[in-house]
Amino acid sequence: MNYYDRVFEVVEQIPFGKVTTYGAIADFLALGSARMVGWALNQSHLMGIDIPAHRVVNRKGELTGRNHFPGDQTMAKRLRSEGIEVTDDTVVNFEGHLWIPAEHLL
DNA sequence: GAGGTGACGTCGT
DNA sequence: GACGACGCCACCT
């Protein structure tokens with residue numbers, strides 16, 4: 001079980017209409033670095049694994065990973081379709097939509 | 001083996 | 001509060 005497989009597991013557990021941060025996942029999995037999460041998601045993208053990576057944002061709620069999705073607004077569109085308001089590549093009421101893995105997963 | 005890179009985060013100015 | 005520098009650690013030259 002590679003660490004990025006566990007990252008995929010966590011991301012798949014994010015409920016509809018919720019978002020989480022790289023840091024929260026890194027802390028939950030004790031990766032030691034939030035960059036690992038982003039890198040794992042990048043791998044998932046390259047590996048063709050379908051996970052809701054659009055629900056993972058940085059600590060400010062910014063869609064920093066949008067450049068890795070096809071198109072410019074793909075990430076924002078998917079979030080809006082889930083009832084999450086996105087303005088200027090940033091999740092509105094980010095803390096209200098925030099979902100912490102450590103508080104919901106074992 | 002050394003150096004550079006990256007979907008980040010924290011601390012110091 | 002905004003910006004820059006550093007730390008982080010797996011992976012790729």
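Within every chain, numbering begins at 1; the chains are lettered A, B, ... in the order of the sequence lines, protein sequences first and strands thereafter. In this text, all values refer to a predicted model and were calculated from it rather than measured experimentally.
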Among pairs that include at least one residue of residues 80-92 of chain A, which meet salt bridge (charged side-chain N to carboxylate O under 4.0 Å, His left out), considering only residues two or more places apart or in two chains?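 As it turns out, the salt bridge (charged side-chain N to carboxylate O under 4.0 Å, His left out) pairs with a partner in residues 80-92 of chain A, which skip direct neighbours, are A/R55-A/E82, A/R66-A/D89.
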For chain A and DNA chain C, what are the first and last nucleotides along the strand, 5' to 3', with at least one atom under 4.0 angstrom from a heavy atom of the protein chain?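 On DNA chain C, the outermost contacted nucleotides are C/dG7 to C/dC11.
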Once you measure the plane-to-plane angle for A/W99 and A/H104, does it fall in the parallel (<30°), tilted (30-60°) or perpendicular (>60°) bin?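 Parallel: the ring planes of A/W99 and A/H104 meet at under 30°.
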Name the orientation class of the two ring planes belonging to A/W39 and A/Y4 (parallel below 30°, tilted from 30 to 60°, perpendicular beyond 60°).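 Answer is perpendicular, since the angle exceeds 60°.
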Reckon A/A53 touches a base, only the sugar-phosphate, or nothing at all at heavy-atom distances under 4.0 Å?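 Answer is base: heavy atoms of A/A53 come under 4.0 Å of a base.
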May I ask you to say what A/N42 touches in the nucleic acid, namely base, sugar-phosphate or nothing, with a heavy-atom cut-off under 4.0 Å?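 Answer is base: heavy atoms of A/N42 come under 4.0 Å of a base.
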For A/S33 and A/Y4, take the nucleotide of DNA chain C holding the closest heavy atom to each; which residue's nucleotide lies nearer the 5' end?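 Nearest nucleotide further toward 5': that of A/S33.
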Nearest-0.5 Å distance that lies between atom NZ in A/K60 and atom OG1 in A/T21: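 Those atoms lie 13.0 Å apart.
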Would you mind reading off the distance between [X] atom [atom1] and [N] atom [atom2], rounded to a whole angstrom?
X     : N      : atom1 : atom2 : result
A/W39 : B/dG6  : CH2   : P     : 14 Å
A/M36 : B/dC8  : CE    : C1'   : 10 Å
A/L29 : B/dG9  : CG    : C1'   : 16 Å
A/Y22 : B/dG9  : OH    : P     : 8 Å
A/Q43 : B/dT5  : CD    : C1'   : 13 Å
A/I25 : B/dG9  : CD1   : C1'   : 14 Å
A/D27 : B/dT10 : CG    : C1'   : 14 Å
A/H45 : B/dA7  : NE2   : P     : 11 Å

List the steps and the verdict of side chain to side chain contact (heavy atoms under 4.5 Å, CB included) for A/I14 and A/I51. CA-CA 10 Å; A/I14 304 174; A/I51 58 177; over 6 Å; no
Taking CG in A/N2 as the centre, count heavy atoms belonging to other residues, nucleotides or ligands within less than 6.0 Å. Is the count above 12?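 Yes.
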To check you understand the geometry: which heavy-atom pair defines the closest contact between A/L106 and A/F28, and what is its length?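 Heavy atoms only, the tightest pair is O-CE1, 3.8 Å.
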Closest non-hydrogen atom pair between A/F16 and A/S81, with its separation: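 That closest heavy-atom pairing would be CZ-O, 3.9 Å.
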Tell me whether the OP1 or OP2 atom of B/dT10 has a side-chain N or O from A/R59 closer than 4.0 Å.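 Yes.
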DNA chain C in dot-bracket form (Watson-Crick or G-U pairs under 3.5 Å, [ ] crossing, | inter-strand) is .||||||.|||||
Beyond-backbone contact of A/T64 with A/Y22, side-chain heavy atoms, under 4.5 angstrom: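 Yes; the side chains approach each other to less than 4.5 Å.
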